[in-house]
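Accompanying notes for the structure given below.
Keep in mind the model is a prediction, meaning the values are calculated, not measured.
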Protein chains: 2
Amino acid sequence: MLAAAKSRLYKTRVSKPRIDKPGADKTAANKRDMKERILQTADRLFYLKGIRAIGVDTIAAEIGISKRTLYNHFPSKDELIAAYLKRRFVVASPTERPATDQILGYFDALERRFSAKDFRGCPFVNAVAELGPEDRSVKKIAAAFKEARRLWFRDLLALLDVEDKEALATQLVVLVDGAIAQDLVRDDPAMARAAKAAATVLLRNAGADVE
Amino acid sequence: MLAAAKSRLYKTRVSKPRIDKPGADKTAANKRDMKERILQTADRLFYLKGIRAIGVDTIAAEIGISKRTLYNHFPSKDELIAAYLKRRFVVASPTERPATDQILGYFDALERRFSAKDFRGCPFVNAVAELGPEDRSVKKIAAAFKEARRLWFRDLLALLDVEDKEALATQLVVLVDGAIAQDLVRDDPAMARAAKAAATVLLRNAGADVE
DNA sequence: GACAAAGTAAACAGGTCTGTGTAATATGCT
DNA sequence: AGCATATTACACAGACCTGTTTACTTTGTC
């Protein structure tokens, strides 16, 4: 009764259902889940709508948690943004397939991504464009990602017998980012095919066996 | 005296120096100047700091005019953004130089722009990234610009004897935007050179006389 | 000198955003 | 059963943003 009497001071807070609220489970495992769930939602909204366009309120509301909980997992929006970008930092690992297949297949995968409804350009380029180059930490992550992808191409090129694999790898990432930028603005997945055609010419010109 | 008595109602507004305020000249010619001056300042700030990062207050304060004056020239910030992008919509006109020189020279010019202190990527791509693809008008202007540049390349290629100039023109703009995106993130003007080298290979492969 | 046009400062309305404070409540673990 | 911890709802501070209003001033022109 004491609790009830006290709670009358606070608007309409007597005893809410609170049945299947998302944050109900408080085990250590689910605490990690919560962080991951916040990241997943932030990823989707930041990427689709823009980092500046999405407030922390929106993210919390989308998950169904309070803003306070979000701030218990991430000390600031900046930290959440950094975590979002770090989580996007995934570079494909080389497979058993022939190197040329993997390189040219990358452009096929790109075209498939362009065709997806929820594609909205490169999250790293977008973040730098949105937050400005003054944001050192964001730019650093973005630059690291771009270099990692360049190295992925370079290591595949090393398996081939091409001249100047460093330069060629740089040209390939230029083609990739160019296709992405063009598709972002023009909504034309064929840009990936154009980039692939160019990549094919460059590979053949460098002495690789293509086709 | 009456005016003085009245004005006492308003804080500290008795008679300010107002000597060489920018908006002092009110001829029709200078009215155009004012609009242009607003656009110039908006351009610089929007491009360097980002459209969302700059408020209309900041622009007005930078010029030394009142916010009201700015709103007398542009009915809303959206209109100012649109005018900013339209003003950026400048495509080089073809010159007397040989077509290959013009095409490859474009990448040299790109490298020079990358090296400039105030380069910050493609204003159209940045605007789409910042404002989101839902902003139809911005995306439309951006797409039109990209297409205009592609046509510029295509018309130059038409002067050469190359096969499939449409496809090659697309590949060239992919290289241009790729170099821009890479430089934006990595601050490396050499990206323009990498794109130029790739363009050279593509041109030669298509049957153009290069070098 | 009078007047219209354009500009000015400053406050304001109404909105959004990040981040914090607080009291109450729910849950897992011992 | 009791305790630590996580979570909740909600209010709020403080900042900034777009756009408007108001009373007044400056300027060129007639």
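The CD1 atom of A:I63 sits 11 Å away from the P atom of D:dT7 (whole-angstrom rounding). The interatomic distance linking A:M34 (CE) with C:dA26 (C1') rounds to 13 Å, in whole Å. For A:F74 and D:dA6, the CZ to P distance is 15 Å, given to the nearest whole Å. At whole-Å resolution of the value, CG in B:D33 and P in D:dG28 are 14 Å apart. With rounding to whole Å, A:N72 atom CG is found 13 Å from C:dT22 atom C1'. The nearest whole Å value for the distance from the CD1 atom in B:I38 to the C1' atom in C:dG7 is 11 Å.
Rounding to the nearest 0.5 Å gives a distance of 6.5 Å between CZ of A:R150 and CZ of A:R154.
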* Just do the salt bridge (charged side-chain N to carboxylate O under 4.0 Å, His left out) check on B:K139 and B:E134 with the steps written out, would you? => CA-CA 8 Å; B:K139 196 162 175 176; B:E134 265 94 61; over 6 Å; no
* Apply side-chain contact (heavy atoms from CB on, under 4.5 Å) to B:L39 and B:L80, showing your working. => CA-CA 8 Å; B:L39 271 174; B:L80 183 56; 4.0 Å; yes
* I would like to know whether B:E147 and A:R186 meet salt bridge (charged side-chain N to carboxylate O under 4.0 Å, His left out); could you show each step before the answer? => CA-CA 9 Å; B:E147 175 62 4; A:R186 308 188 63 183; 2.5 Å; yes
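Under the salt bridge (charged side-chain N to carboxylate O under 4.0 Å, His left out) rule, A:D43 has a single partner from A:K86, A:R87, A:R120, which is A:R87.
Scanning all heavy atoms of the two residues, the minimum distance from B:P189 to B:E111 falls at O-CG, 3.6 Å.
Summary of helix geometry: the two end axes of the helix from C:dG1-D:dC30 to C:dT30-D:dA1, each defined by five base pairs via their C1' atoms, are inclined to each other by 10° (rounded to 10°).
Between B:H73 and C:dA6 there is no side-chain N or O to OP1 or OP2 distance below 4.0 Å. A sub-4.0 Å separation between OP1 or OP2 of D:dA9 and a side-chain N or O of A:S66 is absent.
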* Structure fact -> Each nucleotide of nucleotides 14-21 of chain C classed B (base within 4.0 Å of a protein heavy atom), S (only sugar-phosphate) or -, in 5' to 3' order, makes ----BBBB
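A perpendicular orientation is assigned to the rings of A:F124 and A:F89, their planes being inclined by more than 60° (bins at 30° and 60°).
Cation-pi contact between B:K196 and B:Y106: absent, since separation from the ring centre below 6.0 Å together with deviation from the ring axis within 45° is not met.
Taking the charged nitrogens against the carboxylate oxygens, A:K146 and B:D188 have no contact shorter than 4.0 Å, which rules out a salt bridge.
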